[in-house]
Amino acid sequence: MKALYLLPLLAALGFGSQAAARDGLLEPRLHVAPGGKTPRVALTFDACMGLADQRILSVLVDNRIPATIFITERWLKRNAATLAIFLAHPDLFELENHGAMHVPAIDRPQAVYGIASAGSAEAVEAEVSGGAHALVADGAPQPHWFRGATAKYTASSIAQIRALGFDVAGYSLNGDDGSLLGAKIATRRIAGARDGDVIISHINQPTHAAGEGVAAGILALKAKGYAFVRLDAVHEDGTNATVN
């Protein structure tokens, strides 16, 4: 029963289980091409709402580690200083579209972890296009990727997002379970990444213990000799007709 009370919070943080399909929705997987002798991963971070986790950001900047950041219009309104840091390091940060209001980009009325979906094709378009317009208006390049709140879709909403000009970013390893993991577990999970993994974590919860663990896990991968790539730098392989 305890887990049931966490479902709305999980959704608000952008987390869902890739294995869960009983709701009839798709939760795509994404990998980057493996590095072979030098294993590599793609770090992706959702900035859903809230503030910026400087513990993670400082590790990325200080160690020159590239990452792909998915940003909502809601987050942009509160985080101009952090956006300026992202824009000052275009070699490190690829800024991509996480939507306007952080609602699930699902084109039928359906609650996802207690959160109402966009509910129609028109509302999906508003969520996707609104997020992209907000990024560009604040000085970011035109985004190429979209990742929706909860990372769940219908097949038709994926096709619609692709028709709007975006690839849909899944993932293969959840690094922080919506920023709800303890620090030690998040560290262990990220440090255990495999060659070619696309890791999803959150950079918008500076008071959560998970952020400490995410930062430590990244440093553990670096110490193991892993390389880090952005989604725009390598070939990707995604399920459910989300890329290519």
Side-chain angles (χ1 to χ4, degrees), residues 8-16 23 25-28 30 44-53 67-87 93-171 178-179 200-206 231-232 238 240 242-243:
L9 179 56
L10 287 166
L13 294 169
F15 168 68
D23 54 11
L25 300 174
L26 302 173
E27 191 165 11
L30 183 69
T44 72
F45 294 94
D46 288 359
C48 311
M49 54 198 89
L51 299 175
D53 193 330
T68 302
I69 316 293
F70 287 88
I71 298 175
T72 68
E73 181 179 7
R74 292 179 67 176
W75 186 90
L76 286 171
K77 290 179 178 179
R78 299 186 62 188
N79 293 278
T82 302
L83 176 64
I85 294 172
F86 290 152
L87 294 175
F93 299 115
E94 173 189 359
L95 305 183
E96 297 293 354
N97 183 6
H98 197 34
M101 299 306 295
H102 198 253
V103 299
I106 296 166
D107 55 0
R108 66 189 186 211
Q110 181 169 353
V112 185
Y113 303 114
I115 302 293
S117 68
S120 68
E122 292 77 13
V124 168
E125 181 172 359
E127 174 71 2
V128 176
S129 297
H133 292 159
L135 275 170
V136 173
D138 279 2
Q142 175 66 34
H144 171 73
W145 289 89
F146 175 81
R147 175 185 284 153
T150 74
K152 289 194 173 191
Y153 316 87
T154 59
S156 52
S157 67
I158 288 174
Q160 180 185 2
I161 295 163
R162 297 296 308 280
L164 290 170
F166 299 94
D167 288 337
V168 177
Y171 61 94
S179 193
I200 183 175
S201 299
H202 291 75
I203 199 167
N204 64 309
Q205 296 291 345
L231 293 184
D232 64 357
N240 305 110
T242 50
V243 299

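In this chain, numbering begins with 1 at the start of the sequence shown. All of these numbers come straight from a predicted model, not from anything done at the bench.
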Between [X] and [Y], which heavy-atom pair has the shortest distance, and what is it?
X	Y	result
A123	A118	CB-O, 3.3 Å
Y171	A151	CE2-CB, 4.2 Å
E127	H98	OE2-O, 4.0 Å
E73	G130	OE1-O, 4.1 Å
E27	K152	OE1-CE, 3.6 Å

Just by modelled atom types, is the [Y] backbone N or O under 3.5 Å from a matching donor or acceptor in the [X] side chain?
X	Y	value
T150	P104	no
Y153	G148	yes
Q160	A121	yes
T72	C48	yes

Check whether any side-chain heavy atom of [X] sits under 4.5 Å from a side-chain heavy atom of [Y], and report yes or no.
X	Y	result
W145	V243	yes
E94	I69	no
E96	L231	no
V112	L25	yes
D46	I200	yes

Candidates L30, I161, V128 - the one meeting side chain to side chain contact (heavy atoms under 4.5 Å, CB included) with V168: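 Among L30, I161, V128, the one that satisfies the side chain to side chain contact (heavy atoms under 4.5 Å, CB included) with V168 is I161.
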
side-chain hydrogen bond (donor to acceptor under 3.5 Å, both in side chains) partners for D138, two or more places apart: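 Per chain and number, D138 pairs via side-chain hydrogen bond (donor to acceptor under 3.5 Å, both in side chains) with no residue.
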
Contacts of type side-chain hydrogen bond (donor to acceptor under 3.5 Å, both in side chains), residue S117, not counting sequence neighbours: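 Scan of S117 (side-chain hydrogen bond (donor to acceptor under 3.5 Å, both in side chains), adjacent residues dropped) gives none.
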
For the [atom1] atom of [X] and the [atom2] atom of [Y], what is their distance to the nearest 0.5 Å?
X	Y	atom1	atom2	result
H102	R74	NE2	CZ	8.0 Å
S179	Q205	OG	CD	5.0 Å
F166	S129	CZ	OG	6.5 Å
N240	I158	CG	CD1	5.0 Å
S120	I106	OG	CD1	12.0 Å

Heavy-atom neighbours of H133 NE2 exceed 12 at 6.0 Å: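 Open.
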
side-chain contact (heavy atoms from CB on, under 4.5 Å) between H144 and D232, worked out: CA-CA 9 Å; H144 171 73; D232 64 357; over 6 Å; no

Let me check something: any side-chain donor-acceptor pairs from residues 76-87 under 3.5 Å, sequence neighbours excluded? List them with distances.
| residue | atom | partner | partner atom | Å |
| --- | --- | --- | --- | --- |
| N79 | OD1 | A52 | N | 3.4 |
| N79 | ND2 | G50 | O | 2.9 |
| N79 | ND2 | W75 | O | 2.8 |

R147 and its side chain to side chain donor-acceptor pair (under 3.5 Å) partner, picked from N97, T242, T44: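 The side chain to side chain donor-acceptor pair (under 3.5 Å) with R147 is passed solely by T44 among N97, T242, T44.
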
